[in-house]
Amino acid sequence: MIPRPFEYHAPQTLPDALGLLRQFGDEAKLLAGGHSLLPMMKLRFAQPGHLIDLGGIAELKGIRQDGNSLLIGAMTTENEIIWSQLLQTKCPLLVEGARQISDPQVRYKGTIGGDIAHGDPGNDHPALMLALAASFALRGAGGERVVPADGFFIGTYETAMKPDEIMTQVRIPVPAQGAGYCYAKLKRKTGDFAAAAAAVVLHLKGGRVQEVRIALTNVGPTPLRATEAEALLRGNRPDDAIILQAARLAMSVCAPSADQRGDAEYKTAMAGEMTIRALTTARQRAA
Amino acid sequence: MSEETLQRENKLEGVGASRKRKEDARFIRGQGSYVDDIKLPGMLFGAIVRSPYAHARIKSIDKSKALKVPGVVAVLTADDLKPVNLHWMPTLGSDVQAVLADKKVWFQLQEVAFVLATDRYTAADGAEAVEVDYEELPAVVDPRKALAADAPVIREDIADKDNVGHGPRTHPNHIFTWEAGDKAGTDAVFASAAVTVREEILNPRVHPCPLETCGCVASFDKVRGQLTVYMTSQAPHLVRTVVAMLSGIPESKIRIVGGDIGGGFGNKVPVYPGYVAAIVASIVTGVPVKWIESRIDNISTTGFARDYHGIGELAADSNGRIKALRFSALADHGAFNAHVSATKLPAGLFSICTGSYDIPKAYCRVDAVYTNKAPGGVAYRCSLRVTEAVYLIERMIDVLAQKVGVDKAEIRRRNFVKPEQFPYTTALGWTLDSGNYHVALDKVLKAVDYDGLRAEQAAKRASGQLMGIGISTFTEIVGAGPTKVCDILGIGLFDSCDIRVNPTGSAIARLGTMSQGQGHATTYAQIIATELGLPSEEIQIEEGDTDKAPYGAGTWGSRSTPVGGAAAARAARKIKDKAKKIAAHLLEVGERDLEWDVDRFRVKGNPAAAKTMKEIAMAAHTSNLPDGMEKGLDATEYYDPPNMTFPFGAYVCVVDIDKYTGETKVRRFYALDDCGTRINPMIIEGQIHGGLTEAFAVAMGQAVPFDDNGNHLGNSLMDYFLPTSVETPKWETDFTVTPSPHHPIGAKGVAESPHVGGIPCFTNAVVDAFAHLGVTHMDMPHTSFRVWQHCKSLGVNKR
Ligand SMILES: Cc1cc2nc3c(=O)[nH]c(=O)nc-3n(C[C@H](O)[C@H](O)[C@H](O)COP(=O)(O)OP(=O)(O)OC[C@H]3O[C@@H](n4cnc5c(N)ncnc54)[C@H](O)[C@@H]3O)c2cc1C
């Protein structure tokens, strides 16, 4: 449980951090909250020669609204999300999701940027980002680009981010007034990743589904959008029968791997169960 | 009692007072001193190179790269320990264990080499640089396959031995077969019984997982020839003896220091390779050497518990009155028999399996085998193999109840040993000291409104919901133990107390036990306070430093109160006897004219003529003593208990199961414990909360899983279930008091009861939720995944 020796860098500005990243290339790793990276280093699965700590860079922090977008600095911690009045009113799904991440210790240190950038299908933010139609601002040597969450997650620990890029901001379109939402997560205990979880955003109009997004956690190599389930629901009244059908469609996209949380059959079934519960709660909450 | 007397008694804060724990002031300020807090000048750090395979031959070990890592001082392998004959060590189970793998590895993460370096970071780098060339061998993982004719031979080193300490062996992977009871008589009852039931019941491999892992600092002083070892041991004196036997250093020159210990739960009784390697390394280098286990190493390699594959059988009449019991278990002891058992009890106290019931005939048998898994078999918050035994009987009586169609509370009442039968000798030979089982059960059933719960359950079942009610009415056996039956390495399991009263009436007491969180500094002082009439606040307790404390077998198997506490009371009584003589002398009356009054001797009929213990303590240090009396007010007691003690309890657990996710919610857990005389009710309650929480952990989530090649699948806290305050149910506690007739103050021991009695209670509740569907047993752990699979196979959770 002791990492290989490494050099520690604490840049104070984004250009400095980008410079270091360019300088050390493959040898370097960005350090955010450290709650995914440090365990991997202690187990010697990850052995970076240089750690570039993003903790001192002020512009990577903070939560604000700009027009129709919520802008969250990549270095914002889970607890800062949970405590944010703005997010509690404008984007309660993100708060509900963040509350279910690990335990209080991890939530004090872990950041939304790290949770997303890590590319771990067990992490909760990726599915939340898919459900919220978020996009990410990435800064590299060539400047900034903004990429949508859809398509960002490529494989386990693999994202569309280039090695010389730093995620600076998470951008979430403010969900429409009255949107129903829910993050239903099944875990063995506090501090555990999901056996399966479902994130849902649901807009009703006249009792029918105008728009819905469903994303699943930890039931495949990446977070999964249940697009067929969404399509089934659109334009229909979200009654129990159709929710059940939607859950079956959601299950059909799952390809989980077995571990101590359960086998593929169980996790797939739980993805369906969490979809039912998330949709049912979202229906209740939708105005 | 007058108001004034009561006041004096309350001031003592003796037996019965919920006195705040003396230990906590330093713990909550972060001022405890654990082994990893010890830093000695020039100290080196050891890291262990571990095997990636469960079974493999070692073709070669190349240290050269490791030795080139700056700061690495030495790399020790079995070949380096051979010249001092320390490459193997004796185990507590009459076997031997490789300290560092000798030509072979027998389990995954086994100790292969010990890298010594100037700090722990360098040591870890050095360990990674040691290159070991292995040739993998087929592994035996499932104990049920260990005795197959073509099973790979695990222990080639003892393949030709027909006995490893506990009788004849029938297969190279067989360790021993142990039996108790009347086989022929039991078989005969079964053959003609009206009702018989049989169930295969597993206690899976689990780990006590104390918050502090194992570790030590060994410091050998070459000039004085003295070895000091600071270590996390539950039994420092026994360790000292083992180290003396191993090293050849005179025992008088070895000092084991316990310090503060962050939980043991049986994990810290054995001697582990890391300790021995650190000791050898210190002897070789002449500087102190620290070794501290990681969490993964702790769960993977040191002292697991259980792994008992049991078969329970009961024979009864048509009313559910049990006529005979036949229990057996296949025990997986791992690669070495490092089972922590008394010499004559290779299956520990498994023969307590008749439980709280009056069972005329019984027979039990345990077959122990080797597998390619870590060695051990420690008593995880229980006396050895008592959890396994109680789990079997408390499960089987439920199975019987379902078979004969009798309520699960009623069947217990019908079979309980009755109050007038105590002391009651079981068919397997234990004499239960005292008990009052009917009263305890009835009190609990009333408290939880058992009839109401059953009515609610019936309604829930009708609407397809799963609700379970579990009952456990267990009897424990604790306080090892009478030296005629209990010894380890030939040393009797007595314990000791040495009390010295100072001139001003404060005192220090030292004991052979070793607290790991039990609160001994608080409770022992209360016992002595009541015996001597001195305030517990002024009685200092010390344990764990073998240079200071008298010899004792340590703290495990709930033996501290039954044995150490008894020694404390009896040492105090020796002092009190002397004090009485002094009082008589000072008051110029005969001893027979004196009576004891809380904190003083007074003259009968003349209460104003009295001498307080404090006054007597001072007098004991003056010239004003009876003729020929020695000065001072000290006493030592080595207590050899005449019998074990038998705490008992009645528990009820209510669960609601979500059939769509398999999640089990414990709605209610009501625990009544009878531990005899209650020394400190607050500490008892704390111990019960802790024990129930560990029972909950075992029943609902703990297991050390392996794949077919013997690779660990869940050996970190990500998977190994330690419940947090969020998962832990709310505990309701209650008690009755049935003192032990043979213990000096009637106390029995309590800390293990909730673990032992709690585990079957949870399982009984889970199984009860499915009983109406014909289910009689479900193996632990009752994780959501497994319960869901069960629901699915029963077809009860279709959407
Ligand atoms: C016991 C435990 C339980 C956990 N349970 C959960 C859970 O239930 N749900 C969950 O979602 N997470 C869980 N986690 C993970 C936790 O939330 C992590 O904090 C999170 O995954 C990573 O965020 P971090 O800020 O700690 O990033 P770090 O660990 O510092 O970094 C993670 C990776 O992201 C990269 N990175 C970080 N920031 C940036 C950036 N701005 N730009 C580009 N790359 C970046 C790093 O280089 C690294 O590769 C758990 C962790 C632990 C230890």
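When reading the values below, keep in mind they use all heavy atoms of this one structure, side chains included, and skip hydrogens, waters and symmetry mates. Numbers restart at 1 for each chain; the letters A, B, ... are given by sequence-line order, proteins then strands. What you see is a predicted model; the values in this text were computed from it and never measured.
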Is B:K290 salt-bridged to B:D36, going by a charged N under 4.0 Å from an acidic O?
yes
Heavy-atom cut-off 4.5 Å, strictly under: side chain, backbone, both or neither for B:T661 against chain A?
both
Could you give me the CA-CA distance, side-chain angles and deciding distance for B:T302 and B:E293, then say whether side-chain hydrogen bond (donor to acceptor under 3.5 Å, both in side chains) is met?
CA-CA 9 Å; B:T302 47; B:E293 238 181 8; 2.8 Å; yes
Atom NZ of residue position A:K187 - does it have more than 12 heavy atoms of other residues, nucleotides or ligands inside 6.0 Å?
yes
Would you say the ring centers of B:F669 and B:F762 fall short of 6.0 Å from each other?
yes
Where on B:L717 is there a heavy atom nearer than 4.5 Å to chain A: the side chain, the backbone, both, or neither?
backbone
Cation-pi between A:R261 and B:F785: NZ/CZ under 6.0 Å from ring centre and within 45° of the ring axis?
no
Part of B:R295 within contact of chain A (heavy atom distance under 4.5 Å)
neither
Top of B:G714, B:G662, B:P723, B:P705 for chain A proximity - count of heavy-atom pairs under 4.5 angstrom
B:P705
Output field: ring centroids A:F6/A:H50 closer than 6.0 Å:
no
Is it the backbone or the side chain of B:D658 that comes under 4.5 Å from a heavy atom of chain A, or both, or neither?
side chain
Residue among A:Q260, A:R248, A:M270 with most heavy-atom pairs under 4.5 Å to chain B:
A:Q260
Could you look at A:D103 and say if it's the side chain, the backbone, both or neither that has a heavy atom under 4.5 Å from chain B?
neither
Specify which of B:T783, B:L713, B:I296 makes the most heavy-atom pairs with chain A at under 4.5 Å.
B:L713
Among B:T122, B:D125, B:D297, which has the most heavy-atom pairs under 4.5 Å with chain A?
B:D125
Greatest number of non-hydrogen atom pairs under 4.5 angstrom with chain B, of A:R4, A:R188, A:R44, A:M1, falls to A:R44
For A:K29, look at atom NZ and say whether over 12 heavy atoms of other residues, nucleotides or ligands are found less than 6.0 Å away.
no
